[in-house]
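For ligands, and for the atoms within them, numbers begin at 1 and follow the listed sequence. All heavy atoms count here, side chains included; hydrogens, waters and symmetry mates do not.
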Amino acid sequence: MKEEIKSVQLQLEEDLQSVADEKALKELRIRFLGRKGLITNLFRKLGEVPKEERPLFGKMLNELRQRAEDAISEKRSRFGEKAPTDWIDLTLPGRKPIVARKHPLTQVREEIKQIFAQMGFSVAEGPEVETDYYNFEALNIPKLHPARDMQDTLYISEELVLRTHTSPVQIRTMEKQKPPIRIIAPGRVYRRDTPDASHSPFFHQVEGLCVDKNISLGDLKAVLSVFAQKMFGQDARVRFRPSFFPFTEPSAEMDLWWQTPKGGEWLEIMGCGMVHPNVLEGVGIDSRVYSGYAFGMGIDRIAMLKFGITDIRLLYDNDMRFLQQF
Ligand code: DAH
């Protein structure tokens, strides 16, 4: 019996050496552990062995069977690794994709558009590289006029500038469209400013223009007051303060009351006024028949107020730690 066990053991080790694939491994398992396998047969013979020798041979056989099972499963997993398609682990946690979110400026711009859309304003656009004519002259700001000093300008050539405000879109719209006109024009604008916490050489504005018969300063105040309430809440308080812009007459600044724990202050939110007759006449609109109002606000300023951002440069740094907060 001992000899037989030893010889099966040798054969097992020899055969294990030459097993090269899953099919050969399966055959080997049947040859040794199958119903008529070599090891199985030895277990059957155990009954014929003298009683006192049985425990010893039983132990040897158990060890042999264990060795065969271990070797087979070890080889099986090695073959398995070569076929990774069989080994997709569905229980592993997935890789989470990074989902983008809207930049705070985009969020505020979309909110502004939506508020004015509810009041009947559609969206107009214009180029960022603008002619001197649209950026200044058509807006009643002649060459060499001191009002040009209000906006430090980046010139591309004598006649081309990076637009300093979105007001030129007023002119482009009125050239194309007859009254009634009700548009807002969001977009990027440029000024020759050195960046600091409150200045950036580029920022964003929304222009507004309404031209029709019988438009008054009352319409302007009503529309902008509603805007402030929708943007900053029902309790928002605004005031209109006389100001000067070459393209409006009269002109005003709209201030928003900003409540703070210690008190509060009036913050300048936008410029506005009644469209200057020279501007209307310049685009061929009869200023005795039509009147209109216009306004312009900074999107960055509003976003900073709304979200409590203290440095405008954060809006342009593309720092994920900042952007992920919105
Ligand atoms: N364009 C002005 C600026 O950038 C803002 C402005 C003021 C726009 C009054 C207007 C307006 O349409 O009526 O400072």
Using a 4.0 Å cut-off to any heavy atom of [X], which atoms of ligand 1 qualify?
| X | value |
| --- | --- |
| Gln170 | 12 (O) |
| Gly273 | 13 (O) |
| Thr248 | 13 (O) |
| Ser167 | 1 (N), 8 (C) |
| Gly296 | 6 (C), 8 (C), 10 (C), 12 (O) |
| Phe245 | 7 (C), 9 (C) |

Original post:
So which protein heavy atom does atom 11 (C) of ligand 1 come closest to, and at what separation?
Top reply: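 Closest protein heavy atom to atom 11 (C) of ligand 1: Phe247 CE1, 3.5 Å.
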Original post:
What is the closest protein heavy atom to atom 12 (O) of ligand 1, and at what distance does it sit?
Top reply: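 Checked against all protein heavy atoms, atom 12 (O) of ligand 1 sits closest to Glu207 OE2, 2.5 Å.
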Subject >> Shortest non-hydrogen contact from Ala197 toward Met304 >> reply: O-CE, 4.0 Å
Subject >> Parallel, tilted or perpendicular, as decided by the 30° and 60° cut-offs, for the rings of Phe121 and Tyr293 >> reply: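 Taking Phe121 first and then Tyr293, their aromatic rings sit tilted (interplane angle of 30° to 60°).
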Original post:
Can you say whether the rings of Tyr316 and His204 are parallel (under 30°), tilted (30 to 60°) or perpendicular (over 60°)?
Top reply: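 It falls in the parallel class, under 30°.
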Check the side chains of [Y] and [X] for a donor-acceptor pair under 3.5 angstrom, ignoring hydrogens and angles.
| X | Y | answer |
| --- | --- | --- |
| Tyr134 | Glu175 | yes |
| Ser200 | Asp300 | no |
| Ser167 | Glu207 | yes |

Original post:
Quick one: does Gln205 get a heavy atom under 4.0 Å from ligand 1?
Top reply: yes
Original post:
Any donor-acceptor pair under 3.5 Å linking the side chain of Gln325 with the backbone of Arg321?
Top reply: yes
Subject >> Side-chain (Arg109) to main-chain (Ile299) donor-acceptor, under 3.5 angstrom >> reply: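 Here the side-chain-to-backbone pair does not exist.
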**OP:** Check whether the ring centres of Phe116 and Phe295 lie less than 6.0 Å apart, and answer yes or no.
**Re:** yes
Under 4.0 Å, heavy-atom basis, I'd like to know which part of [X] is in contact with ligand 1: side chain, backbone, both or neither.
| X | value |
| --- | --- |
| Arg191 | side chain |
| Cys272 | backbone |
| Gln151 | side chain |

Original post:
Hey, does Gly271 come in under 3.5 Å of ligand 1, counting only N/O atoms on both sides?
Top reply: no
